[in-house]
Amino acid sequence: MSGKTRVAILISGRGSNMAALIEAAKATDYPAEIALVLSNVETAAGLEIARAAGIATKIISHKVFASREEFDAAVDAALAAARIELVCLAGFMRIQSEGFVRKWEGRMLNIHPSLLPAFKGTKVHEQAIAAGVRISGCTVHFVVPELDSGPIIAQAAVPVLPGDTPDTLAARVLEEEHKLYPQALKLVAEGKVVLRDGRAVFV
Ligand code: GRF
């Protein structure tokens with residue numbers, strides 16, 4: 001028994017945030033262990049990274065389910081089978097059903113590449129550049145049914161520089177994501193931040 005919080009990471013693609021969490025969790029004093037990486041996309045590059053790190057992986061394609069609820073039920077069953085206590089969404093490109101989100105409320109985190117509540121949804125860096133903001137960044141938040149709207153756990157900021165393209169800004173933000181997500185997961189796993197009355201509270 002390691003006594004560490006058992007975490008599943010849900011991905012759909014590249015998995016660089018997943019890789020950052022796996023790396024951080026290697027430290028003996030890190031309070032969480034990555035017990036499962038689950039992807040809804042069979043070809044997600046992150047799966048290879050997880051396998052190479054010796055982490056259990058599972059593919060559940062949303063395409064074989066008739067409804068969002070049925071897909072979420074299959075994911076939930078996989079999480080239960082792996083005795084998962086906390087879920088980290090990391091580039092997981094599925095909207096989840098309200099029932100699933102409510103079940104995991106306070107125990108499911110997401111990372112978003114903007115300073116929420118600005119620039120929700122997709123094409124985030126395009127939105128930031130179009131708005132002319134001088135600072136952007138990333139946010140780790142608890143997941144609630146409304147997209148990209150959950151209580152904020154942690155944020156990091158980066159400058160938006162003259163001449164930035166969505167790609168150059170994305171790269172600068174991503175570097176911060178890789179530092180922020182492990183810090184935020186640590187806070188939640190060790191019980192220092194909890195979801196209380198709709199806010200992320202330091203206890
Ligand atoms: C990241 O920018 C994350 O903030 C967003 O999707 C992207 C996933 O990238 N939710 P990766 O798969 O972690 O490399």
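Everything quoted here is computed from the prediction, not taken from an experiment. Each ligand, and each atom within it, is numbered from 1 in the order the structure gives.
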request  = Around atom 12 (O) of ligand 1, find the nearest protein heavy atom and jot down its residue, atom name and distance.
outcome  = Gly15 N, 2.8 Å

inquiry  = Taking Ser97's backbone N and O only, do any of them form a donor-acceptor pair with Asp72's side chain (distance below 3.5 Å, no angle check)?
reply    = yes

ask   = What protein heavy atom is closest to atom 11 (P) of ligand 1, reported as residue, atom name and distance in Å?
value = Ser16 N, 3.4 Å

message = Under 4.0 Å from a heavy atom of Glu177: which atoms of ligand 1 are those, numbered in the order shown and with their elements?
response = 1 (C), 2 (O), 3 (C), 4 (O)

ask   = Of the non-hydrogen atoms in Thr57 and Ala50, which two are nearest, and what is the gap between them?
value = CG2-CB, 3.7 Å

task = With sequence neighbours left out, write down each residue that passes side chain to side chain donor-acceptor pair (under 3.5 Å) with Glu70, or none if nothing qualifies.
result = Ser67

request  = Check each of Phe100, Trp104, Phe65 against Val75 using the side-chain contact (heavy atoms from CB on, under 4.5 Å) test, and report the only one that passes.
outcome  = Phe100

key: Within-4.5 Å side-chain heavy-atom neighbours: Leu116 and His141   = yes

remark   = If you compare Ala170, Gly46, Gly91 by their heavy atoms, the one closest to atom 6 (O) of ligand 1 turns out to be Gly91

task = Decide whether an N or O pair under 3.5 Å exists between Ala90 and ligand 1.
result = no

Numbering as shown, the atoms of ligand 1 that approach Pro113 to under 4.0 Å (heavy-atom distance) = 2 (O), 4 (O), 5 (C)

inquiry  = Among all protein heavy atoms in this structure, tell me which lies nearest to atom 10 (N) of ligand 1, with the distance rounded to 0.1 Å.
reply    = Ile111 O, 3.0 Å

inquiry  = Assess the residue pair Arg172 and Asp164 against the criterion (salt bridge (charged side-chain N to carboxylate O under 4.0 Å, His left out)); give the C-alpha distance rounded to whole Å, side-chain angles, the decisive distance to 0.1 Å, and a yes or no.
reply    = CA-CA 10 Å; Arg172 193 174 308 122; Asp164 258 341; 2.7 Å; yes

query = Do Arg14 and ligand 1 have an N or O pair less than 3.5 Å apart?
reply = yes

